[in-house]
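Positions are given from 1 along the sequence. Note: hydrogens, waters and symmetry copies are ignored here, and every other heavy atom, side chains too, is used.
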Amino acid sequence: MTRQPINIEDLNLQPHFLFHHRSVLLTSGDYLAEHFNAMTIGWGALGTMWSRPFAFVAVRHSRYTYQFMEKYDSFTVSAFPEQYHETLKFLGSRSGRDGDKIAASGLNPEASVAISAPSFKEAELVLECRKIYADDLNPAHFLDETIENHYPSRDYHCIYYGEIIAVTGIEKYRA
């Protein structure tokens, strides 16, 4: 499987399906410095903000990846073929604090096209993002009280907006 560059205007995907039914891998850090971490995410969004294409991702402060998101200015959001479902479950249920879970997963990190955060050879779609905004969720601003049910431990997410700088993917993601 070889990913090719895709112009953001030509990107064709179903964001809700991607995040909610497939899950994706969030990776932050520096590939060349060999200092990065990844976690499986099921919450995120894609769209336009400040006239820029963006991806937003939610990371709890307790996650090891949070440290990388705070330290580095870029991240990738990667989708994988269905055959990697168990691999993504593994990466979402283990902490990088406890060992090299990426090596244990069998995935192969590689340099991204335009940012320092890595991509993965096995990914069928990679969104390369440069952070442009971050803020912690404030429960005082929840307009739907049932949202609080997602936070029984009051461990609210930090939301990161990343401008999509580059996209690579297989043909099915090209409009």
Side-chain angles (χ1 to χ4, degrees), residues 3 13 15-47 54-137 147 150-169:
R3 293 188 318 272
L13 54 83
H16 177 72
F17 180 83
L18 187 68
F19 283 102
H20 189 66
H21 296 288
R22 293 270 312 277
S23 297
V24 295
L25 195 63
L26 167 66
T27 308
S28 182
D30 186 324
Y31 174 75
L32 293 177
E34 297 181 1
H35 188 244
F36 51 88
N37 195 60
M39 65 181 261
T40 303
I41 60 172
W43 292 358
L46 304 173
F54 82 91
F56 98 53
V57 295
V59 181
R60 293 180 197 263
H61 291 243
S62 60
R63 297 299 300 256
Y64 186 51
T65 301
Y66 174 77
Q67 296 172 28
F68 292 83
M69 292 294 288
E70 286 294 296
K71 180 174 182 173
Y72 295 100
D73 70 350
S74 64
F75 62 89
T76 58
V77 175
S78 303
F80 292 80
E82 186 60 36
Q83 71 195 56
Y84 291 96
H85 177 75
E86 291 301 315
T87 303
L88 291 179
K89 280 178 56 177
F90 172 81
L91 289 167
S93 64
R94 302 290 192 285
S95 175
R97 288 184 190 102
D98 301 329
D100 190 346
K101 69 178 187 177
I102 295 172
S105 77
L107 293 181
N108 296 289
E110 64 181 357
S112 294
V113 173
I115 62 171
S116 62
S119 301
F120 291 89
K121 291 178 183 174
E122 296 83 0
E124 63 182 20
L125 175 70
V126 177
L127 307 176
E128 299 183 22
C129 303
R130 183 181 55 83
K131 289 189 319 189
I132 56 174
Y133 181 79
D135 198 11
D136 291 330
L137 285 179
I147 293 171
H150 292 281
Y151 300 97
S153 300
R154 301 179 133 347
D155 55 341
Y156 303 105
H157 287 92
C158 183
I159 304 298
Y160 296 92
Y161 281 71
E163 179 179 5
I164 300 172
I165 302 297
V167 178
T168 57

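- S112 and S119 share a side-chain donor-acceptor pair at under 3.5 Å.
- Closest approach of G29 and S116 over heavy atoms only: O-OG, 3.5 Å.
- Atom OH of residue Y84 and atom CG of residue L107 lie 7.0 Å apart, to the nearest 0.5 angstrom.
- Atom CD of E122 and atom OG1 of T87 lie 8.5 Å apart (nearest 0.5 Å).
- Judged by distance alone, with hydrogens and angles left aside, the side-chain atoms of S28 form no donor-acceptor pair with the main-chain N or O of F36 at under 3.5 Å.
- Side chains of F120 and I102 form a contact here, defined as non-hydrogen atoms less than 4.5 Å apart.
- The closest side-chain heavy-atom distance from I41 to V24 is below 4.5 Å.
- For E34, the CD atom is loosely surrounded, since the number of other residues' heavy atoms within 6.0 Å does not exceed 12.
- Ring planes of Y151 and H157: perpendicular class, angle over 60° (limits at 30 and 60°).
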Intermediate values then yes/no, side chain to side chain contact (heavy atoms under 4.5 Å, CB included), V167 and L127: CA-CA 5 Å; V167 178; L127 307 176; 3.8 Å; yes
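- A perpendicular orientation is assigned to the rings of H150 and W43, their planes being inclined by more than 60° (bins at 30° and 60°).
- E128 and I115 make their closest contact through OE1-N, 3.4 Å (heavy atoms, listed as atom of the first residue, atom of the second, distance).
- Considering every non-hydrogen atom in both F90 and A104, the closest pair reads CZ-CB, 3.8 Å.
- Using cut-offs of 30° and 60° for the angle between ring planes, the Y133 and Y161 rings count as perpendicular.
- To the nearest 0.5 Å, atom CG of residue L25 and atom OG1 of residue T76 are 7.0 Å apart.
- Using a 4.5 Å cut-off on side-chain heavy atoms (C-beta onward), D155 and H61 make no contact.
- Proximity of R97 to Q67: side-chain heavy atoms (C-beta onward) are separated by under 4.5 Å at one or more points.
- Aromatic ring orientation, F68 versus H35: tilted (interplanar angle from 30° to 60°).
- In this structure, I132 CD1 and Y160 OH are separated by 14.0 Å, a value rounded to the nearest 0.5 Å.
- With hydrogens and angles disregarded, no donor-acceptor distance shorter than 3.5 Å links the side chain of T27 to the backbone of P118.
- Taking all atoms of both residues into account, the shortest heavy-atom contact from A55 to I164 is N-CG1, 3.9 Å.
- S93 OG to K101 NZ: the interatomic distance, rounded to the nearest 0.5 Å, is 8.0 Å.
- Separating the CZ atom in R63 from the OG atom in S95 is a distance of 7.5 Å, to the nearest 0.5 Å.
- Taking 4.5 Å as the limit, some side-chain heavy atom of L13 sits within range of a side-chain heavy atom of L46.
- H85 is not listed as a side-chain neighbour of R22, based on a closest heavy-atom distance of 4.5 Å or more.
- Contact between L18 and A79 at its shortest, heavy atoms only, is CD1-CB, 3.6 Å.
- Looking at R130, its side chain never comes within 3.5 Å of a backbone N or O of I165 through a donor-acceptor pair.
- At most 12 non-hydrogen atoms from other residues, nucleotides or ligands lie less than 6.0 angstrom from CZ of R154.
- Using a 30° and 60° split on the angle between ring planes, F54 and F56 fall in the parallel class, below 30°.
- Side chains of N37 and T65: a donor-acceptor N/O pair is present below 3.5 angstrom, by distance only.
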